[in-house]
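To start, the structure under review is shown below, and the notes come after it.
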Amino acid sequence: MNSIADNLGTVTRRIQKATQAAGRPDGAVSLLAVSKTHPPSAIRDAATAGQRRFGENYLQEALEKMEALSDLSDLEWHFIGPIQSNKTRDIAARFDWVHSVDRLKIARRLSDQRPAGMAPLRICLQVNIDREASKSGADPDEVPALARDIAALENLELAGLMVIPDPNQAESSLRASFRRLAGLLATLQEQTTDGPIPQTLSMGMSGDLEIAIAEGATLVRVGSALFGPRG
Ligand SMILES: *Cc1c(COP(=O)(O)O)cnc(C)c1O
C-alpha cells in the first residue's frame, strides 16, 4: 500500500496537471483532505507531508480527532457533512469553514453561535444542482436569495458554493452539473454589491477532480485517493 505522503504527491500532481490543462494559474485549486473514518494518525501523516486543510463529516468524530491533534495548531478544519440543528454550536466554535449549509435556519444558528473574537465562519452554500429528490442542498432557484440572506449574517462570510453531484451519471452530465454550479457562482458574483465577493467552488472528489477543475473548481475534496478506502 502507498503511504499517505505518496498519495498526497500523486493527488497534488493530478491537481496541477488538470489546472494547467484548463489554462488556469498554478495554485488556483486548493486541496481539502477528507479524513472521515480515518484515525488521527492518518491526519498527522498528511500534516507531516505538508497538508493543512482537512474535511470531516461527523461532528463527534471530528472533535475527538481535533483533541488528539491539538499539538498541531495550524490545521484548518472544514465541516462537510449534513448538519443537525443541535450540532451547530460546536461546529460554529471549532471549525473554520462549513461547506454543507443549505438552509437559512442553520446559517442563522451558526452566525449566532460563532464565538466572539473568532474570524467569520466561512460558508459554502450546498446546492442540489441535479434537483435529486432525496438529496440535501438548496434548490438552484433558491440560491440567489439564500446567498443574499446568508451574506448579511454578521459572523459568517459567504465564501461560495458546494455540490455533491450524483456519482452514477455519465461524464457529460457530471460535467454539465459542475458547469451549472460555476454559472450560479458567476451570478452571485454579479449580484454582490458590497462585502467580499464569493470565490469558492467546492466541487470534485477522488474520482472526478479533473472534470471539476476543468469546469472551475477552486477547492477539491479528496478522501479515498489520499487515505485509501473507507472501512
Ligand atoms: C467523503 C466525501 C468526499 C470525499 O470523497 P472521495 O470519493 O473519497 O474522495 C468529498 N466530499 C464529501 C461531502 C464527502 O462526504
Side-chain angles (χ1 to χ4, degrees), residues 1-19 29-40 42-43 45-46 49 51-63 65 75-84 87 91 95-103 106 110 121-130 132 134-138 159-169 171 174-175 177-178 181-182 185 200-231:
M1 213 176 94
N2 288 332
S3 72
I4 289 171
D6 290 341
N7 292 342
L8 184 61
T10 303
V11 169
T12 301
R13 281 189 296 278
R14 281 176 64 190
I15 292 171
Q16 280 169 349
K17 208 171 150 210
T19 304
V29 181
S30 55
L31 170 62
L32 181 66
V34 177
S35 42
K36 62 168 179 255
T37 77
H38 295 285
I43 297 177
D45 287 351
Q51 178 64 25
R52 286 290 164 272
R53 295 186 182 88
F54 293 91
E56 289 282 343
N57 296 58
Y58 311 105
L59 179 63
Q60 196 51 44
E61 181 191 331
L63 294 177
K65 291 183 203 174
L75 302 185
E76 190 178 275
W77 293 100
H78 295 232
F79 193 83
I80 63 173
I83 307 173
Q84 294 148 331
K87 302 288 169 65
I91 293 173
F95 284 82
D96 303 294
W97 284 68
V98 182
H99 292 234
S100 41
V101 173
D102 64 0
R103 54 199 196 278
I106 293 292
L110 290 170
L121 184 61
R122 295 208 163 127
I123 301 295
C124 290
L125 179 51
Q126 183 177 348
V127 184
N128 183 359
I129 200 76
D130 302 317
E132 291 172 88
S134 61
K135 280 257 293 256
S136 42
L161 300 177
M162 181 272 225
V163 72
I164 312 173
D166 174 5
N168 300 315
Q169 54 188 331
E171 182 180 319
L174 190 58
R175 186 179 293 281
S177 298
F178 289 143
L181 195 75
L185 184 73
T200 300
L201 272 179
S202 169
M203 60 187 197
M205 315 199 288
S206 293
D208 58 16
L209 66 88
E210 283 84 0
I211 304 171
I213 290 171
E215 298 302 331
T218 66
L219 180 150
V220 291
R221 307 179 309 267
V222 178
S224 48
L226 288 173
F227 297 112
R230 288 180 285 274

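All heavy atoms count here, side chains included; hydrogens, waters and symmetry mates do not. Order of appearance sets the numbers: ligands from 1, and atoms from 1 within every ligand.
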- What residue and atom, counting heavy atoms only, is the protein's closest point to atom 13 (C) of ligand 1, and at what distance?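 Result for atom 13 (C) of ligand 1: I164 CD1, 3.5 Å.
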- Query: So, R221 versus S202: side-chain donor-acceptor pair below 3.5 Å or not?
  - Reply: yes
- Between the side chains of S136 and D102, is a donor N or O closer than 3.5 angstrom to an acceptor N or O? no
- Query: Does H99 come within less than 4.0 Å of ligand 1, judged by its heavy atoms?
  - Reply: no
For [X], take its heavy atoms, then give the atoms of ligand 1 lying under 4.0 Å from any of them.
X	result
R221	4 (C), 9 (O), 10 (C), 11 (N), 12 (C), 13 (C)
N57	14 (C), 15 (O)
V222	9 (O)

- Worked check of salt bridge (Lys or Arg N to Asp or Glu O under 4.0 Å) between E56 and K36: CA-CA 5 Å; E56 289 282 343; K36 62 168 179 255; over 6 Å; no
- Looking at ligand 1, does any of its N/O atoms fall within less than 3.5 Å of an N/O of M162?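 Not met; the criterion fails.
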- Note on the structure: In terms of its nearest heavy atom to atom 4 (C) of ligand 1, the top option of S206, G223, S202 is G223
- Message: For atom 10 (C) of ligand 1, which of the options M205, E56, K36 provides the nearest non-hydrogen atom?
- Response: M205
- Item | Residue of the set R13, R14, R175, K17 for which salt bridge (charged side-chain N to carboxylate O under 4.0 Å, His left out) holds with E210 |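 With E210 as partner, R13, R14, R175, K17 yield a single salt bridge (charged side-chain N to carboxylate O under 4.0 Å, His left out), made by R14.
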- Query: Of all heavy-atom pairs between L226 and L8, which one has the smallest distance, and what is that distance?
  - Reply: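 Closest approach of L226 to L8, heavy atoms only: CD2-CA, 3.6 Å.
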- Item | Check: S3 side chain, D6 main-chain N or O, donor-acceptor pair, under 3.5 Å |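 Such a contact is found between S3 side chain and D6 backbone.
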